[in-house]
Amino acid sequence: MGKLFICDHPMIQHKLTFIRDKNTNTKDFRELIDEVATFMAYEITRDLPLQTVKVETPVAVTDAKIVSGRMIGLVPILRAGLGMVDGILKMIPSAKVGHIGLARDHETLKPKEYYINLPTDAQERLLIVVDPMLATGGSAIAAIQSLKERGCEHIKLMCVIAAPEGVKAVQEAHPDVDIYIAALDQCLNEKGYIVPGLGDAGDRIFGTN
Ligand SMILES: O=P(O)(O)OC[C@H]1O[C@H](OP(=O)(O)OP(=O)(O)O)[C@H](O)[C@@H]1O
Ligand SMILES: O=c1cc[nH]c(=O)[nH]1
Ligand SMILES: [Mg+2]
């Protein structure tokens, strides 16, 4: 079973309050999602392996650590996942970025894939699938499935707000994938929105509705 990490750093919780507020405007919403993504990138990279190297300071030669192991790839789920990419790149600037376009049908709540473009070495990388919202889990499950069908095996999922239903569905469909979230909310409503949630993440980031 994939592990669930709730990144509840006080600064994340503080920013989340303003993200949830329906009176927060597009500019502020976008900036806050970007900032939370940076904090979450700090948490998701906490278990990266290190190797020891020699470094020569102006005073002495010493052992020091550098990150080793797999390079990282980010895979935002379009559209809303795009809002988290720059924030994560501030923490992991050398990550490559692939894209998966998925739109949830408002009636059936089923996701439809309309675009995919991955780095050529995606199979070698630790891929972080990124989306602010994990509601039914359908979009995240489909995105991870799409990556696995292309030979990618090392995958983590990062979402800002999750519903318990979505976490359970992803854990059942992809038990090898660890999930990082900032908040676990109460439930889904009859339209598949997370309660209390933040509304439609894509619309709030891009100013559409
Ligand atoms: O867990 P699920 O039930 O699949 O719902 C979550 C998905 O819904 C939203 O995207 P949406 O389909 O609204 O597309 P958008 O980002 O283009 O607005 C959100 O950004 C997730 O991708
Ligand atoms: O609450 C929700 C659920 C799915 N997608 C969103 O953007 N918000
Ligand atoms: Mg949307």
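These values consider heavy atoms only, across backbone and side chains, with no hydrogens, waters or symmetry-generated copies. Counting starts at 1 for both ligands and their atoms, following the listed order.
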If you count the atoms of ligand 1 from 1 in the order shown, which ones are under 4.0 Å from a heavy atom of [X]?
X	value
G138	1 (O), 4 (O)
G137	1 (O), 2 (P), 3 (O)
R104	2 (P), 3 (O), 4 (O), 5 (O), 8 (O), 12 (O)

query: Taking non-hydrogen atoms only, is D200 closer than 4.0 angstrom to ligand 1 via side chain, backbone, both or neither?
result: side chain
message: Which Ile, Leu, Val, Met, Phe, Trp or Tyr residues join L184 in one cluster when any pair of side-chain heavy atoms under 4.5 Å counts as a link?
response: L4, I6, V75, I77, I100, L102, I116, L118, L127, V129, L134, I141, I144, L147, I155, L157, V167, V170, V177, I179, I181
One thing to verify: whether [Y] and [X] come together as a salt bridge, which I'm taking to mean a side-chain N less than 4.0 angstrom from a carboxylate O.
X	Y	result
D185	R20	yes
K168	E165	no
K148	D176	yes

query: Picking from I88, I92, I128, L126, what satisfies side-chain contact (heavy atoms from CB on, under 4.5 Å) with T45?
result: I92
- request: Please name all residues satisfying salt bridge (charged side-chain N to carboxylate O under 4.0 Å, His left out) with K54, sequence neighbours left out, ordered by chain then number.
  value: D63
- request: Using non-hydrogen atoms of the residue, decide whether A103 is closer than 4.0 angstrom to ligand 1.
  value: yes
query: Touching ligand 1 at all, G192? Heavy atoms, strictly under 4.0 Å?
result: no
statement: For A135, the atoms of ligand 2 under 4.0 Å from one of its heavy atoms are 3 (C), 4 (C)
message: Would D131 count as a polar contact of ligand 1, with the cut-off being nitrogen or oxygen pairs under 3.5 Å?
response: yes
task: For ligand 1, find out whether one of its N or O atoms is nearer than 3.5 Å to an N or O atom of A80.
output: yes
query: What class does the angle between the rings of F5 and Y180 fall in, given that below 30° is parallel, 30 to 60° is tilted and above 60° is perpendicular?
result: parallel
query: What is the minimum heavy-atom distance between R204 and T26, and which atoms define it?
result: O-CG2, 3.6 Å
Do any heavy atoms of [X] fall under 4.0 Å from ligand 2?
X	result
R104	yes
P132	no
G192	yes

Within-cut-off N or O pair, A201 and ligand 2, under 3.5 Å: yes
